[in-house]
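For the numbers below, each heavy atom of this structure counts, side chains included, while hydrogens, waters and symmetry mates do not.
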Amino acid sequence: MNKILSTLSILIYTAYSQCTNTHDVSTMISFSIHGASVNDLIGATAFNNVVKGAAAAFLQSSNQKVGVLNFGGINGDSSSLSDQLRALSTGTAADVTTAIDGMSVVYADHTANVAQRAMTDANAALSGESGRQKYHVIFSATIPLANGKGTSTTPTDIDNICIPARAAKAAGIQTYVVLVGTAGENAFPSFWSCAVEDPATDIIVHDPTSTDYTAITALLCKTNGIDLQITEVNPVAGTYAAFVEILNRGASASVRACLGSAANGDCST
């Protein structure tokens, strides 16, 4: 059955449209190996197929670097919190699949879900990627759970992801969280809110039976790679000249900002 599912998943995400953007992008993909949620609730094969399918949709076929981490936590074993399956380097979705399919995991041993370690490791890999758009995509099926709390970790044992999140934002790393499952049952976006810039848009709940990755690719494969954000506006000239400050984290773009009543869009007024 697993062989059939693996073959089916390959067909699914091979057929899905790949991102055609061509600007320089570095992406770290981190996914949970928490036993109770990933293996027992969702099913490891179904969960991993979401990670592989999404990667096939949002990763570019050119000018793309990609690295892969898993995260979990075996009680009392700090070395089990995160494992680098693929170092950040030039690659494609096929390399992500190879990395995930090649890992050996005893899911039942992983009672923690230490996303903090994966975020710290991803920060280290991405911080030096100068001149490239930097993404960290986290896949999980439960909330962040701390390690060292015994073999029956509870929702009160929260893993603090806010510290590495601040470092990621300072380094210009855009973090997105994909929660695989059902909102209110195993997927609780509020527990991940400090990891991202905008919790309303940057945390996605994805049905594990769905192969529609439109919501994910809208964030990670923007039209023509254009990713602009207005960061500051001074509309009235005075002590300082009027200006619009725009941050471009994506592909090169010619941008014209208009102040006033440029109803015709040509910035002539």
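- Among pairs with a residue in residues 190-219, those fulfilling disulfide (SG to SG under 2.5 Å) read Cys162-Cys194, at least two apart in sequence or across chains.
- The hydrophobic cluster containing Leu81, built from Ile/Leu/Val/Met/Phe/Trp/Tyr side-chain heavy atoms closer than 4.5 Å, also comprises Val114.
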Under the side chain to side chain contact (heavy atoms under 4.5 Å, CB included) rule, what do Tyr176 and Val196 come out as? Steps first, then yes or no, please. CA-CA 6 Å; Tyr176 298 105; Val196 301; 5.6 Å; no
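- Here the CG atom belonging to Asp83 is positioned 5.0 Å from the CG atom belonging to Asn70, to the nearest 0.5 angstrom.
- Closest of all the heavy-atom pairs between Asn49 and Tyr213 is O-OH, 3.8 Å.
- Both Met103 and Ile29 are assigned to one and the same hydrophobic cluster, defined by single-linkage of ILVMFWY side chains at heavy-atom distances under 4.5 Å.
- Taking both residues in full, the closest heavy atoms of Val51 and Ile100 are given as CG1-CD1, 3.7 Å, listed atom of the first, atom of the second, then distance.
- Listed for the Ser80 side chain is a donor-acceptor partner under 3.5 Å among the backbone atoms of Ile74.
- For the residue pair Asn113 / Ser140, a side-chain donor-acceptor distance below 3.5 Å is found, with atom types taken as modelled.
- Atoms OG and CD, on Ser26 and Glu129 in that order, are 3.5 Å from each other to the nearest 0.5 Å.
- In this structure, CG in Asn123 is found 4.5 Å from CD1 in Ile173, a value given to the nearest 0.5 Å.
- At a threshold of 4.5 Å between non-hydrogen side-chain atoms, the residues Ile204 and Val177 do not count as touching.
- Two residues are said to be in side-chain contact when any heavy atoms from C-beta on lie closer than 4.5 Å; Ser37 and Ile42 fail this criterion.
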Would you be so kind as to tabulate the donor-acceptor pairs closer than 3.5 Å made by side chains of residues 87-94, with sequence neighbours excluded?
| residue | atom | partner | partner atom | Å |
| --- | --- | --- | --- | --- |
| Ser89 | OG | Arg86 | NH1 | 3.1 |
| Ser89 | OG | Ala87 | O | 3.3 |
| Thr92 | OG1 | Ala94 | N | 3.3 |

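- Aromatic ring centroids of His206 and Phe139 lie 6.0 Å or more apart.
- Between Ala195 and Met119, the shortest heavy-atom contact is CB-CE, 4.0 Å.
- In this structure, the side chain of Gln116 engages the main chain of Asn160 through a donor-acceptor pair within 3.5 Å.
- Checking side-chain atoms of Lys169 against main-chain N and O of Thr175 turns up no donor-acceptor pair under 3.5 Å.
- Legend: residues meeting side chain to side chain donor-acceptor pair (under 3.5 Å) with Thr209, ordered by chain and number and at least two apart, are Asp207.
- None of Arg132, Gln64, Lys65 except one satisfies the side chain to side chain donor-acceptor pair (under 3.5 Å) rule with Thr27; the exception is Gln64.
- Contact between Ser30 and His136 at its shortest, heavy atoms only, is OG-NE2, 2.7 Å.
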Apply side chain to side chain contact (heavy atoms under 4.5 Å, CB included) to residues Asp121 and Gln84 and explain how you reach the verdict. CA-CA 9 Å; Asp121 292 347; Gln84 178 178 273; over 6 Å; no
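- Here CD1 of Ile138 is found 11.5 Å from CG of Asp202. Values are rounded to the nearest 0.5 Å.
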Pair Asp212, Ser210 - check side-chain hydrogen bond (donor to acceptor under 3.5 Å, both in side chains), show working. CA-CA 5 Å; Asp212 181 357; Ser210 172; 5.3 Å; no
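- Atoms CZ and OG1, from Phe58 and Thr217 in turn, are 9.5 Å apart once rounded to the nearest 0.5 Å.
- Under the side chain to side chain donor-acceptor pair (under 3.5 Å) criterion, Asn63 pairs with no residue, sequence neighbours left out.
- Taking all atoms of both residues into account, the shortest heavy-atom contact from Ala44 to Asn39 is CB-OD1, 3.4 Å.
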All N/O donor-acceptor pairs, side-chain side in residues 182-189, below 3.5 Å, sequence neighbours left out:
| residue | atom | partner | partner atom | Å |
| --- | --- | --- | --- | --- |
| Asn186 | OD1 | Thr182 | N | 2.9 |
| Asn186 | ND2 | Ala141 | O | 2.7 |
| Asn186 | ND2 | Val180 | O | 3.0 |

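- Looking at heavy atoms from C-beta onward, Ile161 lies in side-chain contact with Asp159 at the 4.5 angstrom threshold.
- Considering only heavy atoms from C-beta on, Gln174 stays 4.5 Å or farther from Lys134 through its side chain.
- With hydrophobic clusters built from ILVMFWY side chains whose heavy atoms lie under 4.5 angstrom apart, Phe191 does not share a cluster with Ile163.
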Worked check of side chain to side chain contact (heavy atoms under 4.5 Å, CB included) between Lys52 and Asp101: CA-CA 10 Å; Lys52 293 184 285 189; Asp101 289 347; 2.7 Å; yes
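- Taken to the nearest 0.5 Å, the CD1 atom of Ile203 stands 6.0 Å off from the OG atom of Ser193.
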Give the C-alpha distance, both sets of side-chain angles, the deciding distance and a yes or no for side chain to side chain contact (heavy atoms under 4.5 Å, CB included) between Leu85 and Leu69. CA-CA 5 Å; Leu85 303 179; Leu69 298 163; over 6 Å; no
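- Ile33 places none of its side-chain heavy atoms less than 4.5 Å from the side chain of Phe71.
- Side-chain contact annotation: Gln60 with Gln18, donor-acceptor N/O pair under 3.5 Å absent.
- Across all non-hydrogen atoms, the minimal contact from Asn147 to Gly73 is OD1-C, 3.7 Å.
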